[in-house]
Each structure stands twice: as structure tokens, then as C-alpha cells.
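Data first, discussion second: the structure below is written as C-alpha cells.
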Amino acid sequence: MLSGRPWRAALYLLTSVPLGAATLLTLVLLAVADSALAVVLVGLPLLLVLVLSGIPLASLERRRLRLVDGAPLANPHREPPGTGPAAWLRTRIQEHCPWRELGYALLFATALCPLEALTVGAMLLVCGGLMATPAVMAAGGDGEAKVLQLRISDSYPEAFAVLAAGVVLLPVLAYPLGALAAGRAVLTRRLLSAPESGADSRLQELDRSRMRLVDAFEAERRRIERDLHVGAQQWLVALSMTLGLARLEGPADPLARLTAREQEVLALMAEGRSNAAVAAALSVGEGTVSKHFGSILTKLGLSVSDDTNRRVLAVLTYLRG
């Protein structure tokens, strides 16, 4: 209770209730208005607004997530190629993220919000009912008070004992509330994070860049061979170029021992990013990045030494690969 985490979890779930109610009301009003006006084609703009209505909720949820999860959740939306509402709207229509966010809004308004309201309400009802027993007894004037409609307390010592039980029960129930908030945060991160296809596209771009480098290497080798007139020199240059191509294409590449995720981590480190920046770009925790980097050092054979910086050596190995 002193750490503040249970209180942040309670605040996270409490703020979900009005936010979920507002989201449900907005979605219902947009759906009804769109259905009523679809006949005269006026409902088509409202349909577009309904489809994009999950975007502001998702943006707010990414900020609210910091109450229970310190790792920031990156925005998966692309930057519009131009300025103005038209460029923004065209970019959002071409994305898959608005559909995921609309689905999250429906799930949040119809299932998650009622569940959280029921859980928090039950906790407040039980603890508040117990702690309010002396006040209810004093206000009643007859020296009696019903304890949660289960039994009647007819003396002040008993009423204050019930109050003490409510005070003790409050922190006990706060930990299951924190577990519920943590599970809710995991679900939110899963639904609102960028899809894994973005990482796959970066790996494909790395492969295409390597193929372009191989083609440029081969073109340069042919140019040098045309410019050389001595047969021995031409043969030596061709041999050296062939060996260079073999190093590029062959399985001896030390980076081939790394997993796809480890290659992503190393690629971001090669851009000069810190562990925290890498974690934010991949939507993982900083501890996960540290574990991946330890595995990278092991697979690249970079042992601990006072004379070298293993992070720099790993980045150099990636750039040479």
C-alpha cells in the first residue's frame, strides 16, 4: 500500500468507468444517427466518423496506461505525407490501425468497462459498508445498524469492530484490484500496439539492402576487370571480389546466428539508440532489451574485457555484416 501501485491501479480502473460510459454513448449515438440518415446519403460522413472514433480513445488509453505500466506504448500510426485534414484522413483510411482501435473501443465499452465497474463497485460497497457502520448506527437513532444487509449490529463496540474489519479489508482487496489492472494493461498493450508486420518489413528492407550491395559489388568487379590488361592482376582481382561476395552471401555471417528480434535490437543500436529508446521502438520492456543484448554478445563471441567496449564491437560487427 505504501508503494502507491495499488492506488494507481484503483485510479486506472475508476477512470475506466466514466470513460467507458462516454465511449458507449458516443458509439450508440453515431450508429443510430448513421442508420437514420443513411437513406439520404447524409449518414456516410457519420459512418466515416464512426470508423475513426476509436483513434482518440486509443490515444487516451496509451496515456492512461502509464498509471499501471511504466513502459510507453508507441503510436502505430504513420505520419501523413502532407499537411491538412485531407492528407490526414487519406492516411488513416489506408491504415489497419483504426479498425483495431474501433474494435478495442467496442470491447472497452461493452465488456471491459462493465466488468471493471462491477469489480470496483463491489470493493467500495463492501469496505464502505463496513466502515460506515458506526455512522449509520448514530444516524438511525435506534442504536442498531445493518451490516451489509447480513446482520444487525446493536452496540457501538461491535460497530467499531466492524469498522476496523473494513479498514483491514481495504488493503487486502487492493491487491486483487492491482492484479486486475495489470491484466487489463496487458490486454490494452496487446490490442493497441503496432502489429508485428512492421518488424517483418524492416527485416525485408535489410535483406533488399544487402542484395543491392551484392549487385553493386558485382558491377564494380566487372568494371575493374574490363579496365585491367594484365591477366594475373585480373585473375587476382576477380578472386578477391569473389571472396568478398562469398562473405556477403555465405552462411559464415556471424549475424546469421542471431534471431530476428535480436537483429532488430542490434539494428536499432546501430542507429545510436539507447536501451530505453530501443525498448520504446519495439514496445517491450528495457529489461527485455538487456536480455536480448546479452544473448547477442554471447552469440557474437564478445567476451568481457577491460580494453574494449562490447556494445561498440557488436555494432561494428553489424555494420560489417
Side-chain angles (χ1 to χ4, degrees), residues 8-69 71-81 83-125 176-198 283:
R8 292 197 304 271
L11 179 61
Y12 179 70
L13 296 178
L14 281 173
T15 53
S16 294
V17 177
L19 183 60
T23 302
L24 180 60
L25 179 62
T26 302
L27 293 176
V28 170
L29 290 177
L30 286 174
V32 171
D34 180 67
S35 300
L37 299 176
V39 180
V40 292
L41 300 181
V42 182
L44 294 180
L46 291 178
L47 179 61
L48 184 60
V49 173
L50 177 62
V51 172
L52 300 179
S53 61
I55 295 178
L57 174 65
S59 178
L60 180 59
E61 284 293 279
R62 292 187 184 96
R63 289 176 173 83
R64 267 193 346 117
L65 193 63
R66 297 183 180 180
L67 287 172
V68 291
D69 189 349
L73 184 57
N75 187 356
H77 293 285
R78 301 194 309 268
E79 288 294 330
T83 58
W88 182 88
L89 183 60
R90 186 166 49 251
T91 302
R92 295 298 170 260
I93 292 176
Q94 295 172 353
E95 292 178 329
H96 296 289
C97 296
W99 295 102
R100 291 166 59 92
E101 292 167 346
L102 177 61
Y104 174 81
L106 292 172
L107 178 65
F108 174 55
T110 59
L112 297 179
C113 175
L115 176 62
E116 292 161 4
L118 181 63
T119 303
V120 176
M123 175 184 171
L124 293 178
L125 179 62
L177 204 65
L180 176 62
R184 168 80 156 76
V186 170
L187 178 62
T188 300
R189 180 175 291 277
R190 176 79 63 179
L191 294 178
L192 297 183
S193 60
E196 290 295 330
S197 57
S283 299

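Keep in mind that what you see is a predicted model, and the values were worked out from it rather than measured.
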Who passes side-chain hydrogen bond (donor to acceptor under 3.5 Å, both in side chains) against [X], sequence neighbours left out?
{"X": "R63", "answer": "S59"}
{"X": "T15", "answer": "R64"}
{"X": "T91", "answer": "none"}

With sequence neighbours excluded, what pairs up with [X] under the side-chain contact (heavy atoms from CB on, under 4.5 Å) test?
{"X": "E79", "value": "none"}
{"X": "L52", "value": "L48, I55, W88, L89, R92, P98"}
{"X": "A111", "value": "L107"}
{"X": "A181", "value": "A9, Y12, L13, V68"}

Next on the checklist: Testing T23, L29, L25 one by one against L27 for a side chain to side chain contact (heavy atoms under 4.5 Å, CB included), which residue passes?
Outcome noted: T23
Next on the checklist: Considering only residues two or more places apart or on different chains, which pairs with a residue in residues 111-120 satisfy side-chain hydrogen bond (donor to acceptor under 3.5 Å, both in side chains)?
Outcome noted: S16-E116, E116-R184
Checklist entry - Can you pull the side-chain hydrogen bond (donor to acceptor under 3.5 Å, both in side chains) pairs that have at least one residue in residues 46-56, sequence neighbours excluded? => result none
Give, for atom [atom1] of [X] and atom [atom2] of [Y], the distance between the pair rounded to the nearest 0.5 Å.
{"X": "S283", "Y": "R190", "atom1": "OG", "atom2": "CZ", "value": "11.0 Å"}
{"X": "L124", "Y": "L177", "atom1": "CG", "atom2": "CG", "value": "8.5 Å"}
{"X": "L191", "Y": "E61", "atom1": "CG", "atom2": "CD", "value": "10.5 Å"}

Item to check | Closest approach of G54 to A105 (non-hydrogen atoms, all atoms of both residues) | outcome: CA-CB, 4.4 Å
Next on the checklist: Restricting to non-hydrogen atoms, name the atom on L67 and the atom on R8 that form the minimum distance, rounded to 0.1 Å.
Outcome noted: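 What the structure gives for the nearest pair is O-NE, 2.9 Å.
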Is any side-chain heavy atom of [X] less than 4.5 Å from a side-chain heavy atom of [Y]?
{"X": "T26", "Y": "L57", "value": "no"}
{"X": "L60", "Y": "L19", "value": "yes"}
{"X": "E101", "Y": "L192", "value": "yes"}

Checklist entry - Does the pair L112 and T188 meet the rule for a side-chain contact (heavy atoms from CB on, under 4.5 Å), with working shown? => result CA-CA 10 Å; L112 297 179; T188 300; 5.6 Å; no
Next on the checklist: Is it the case that atom CZ in R66 sees more than 12 heavy atoms from other parts of the structure closer than 6.0 Å?
Outcome noted: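 No, CZ of R66 has 12 or fewer neighbouring heavy atoms, counting only those of other groups under 6.0 Å.
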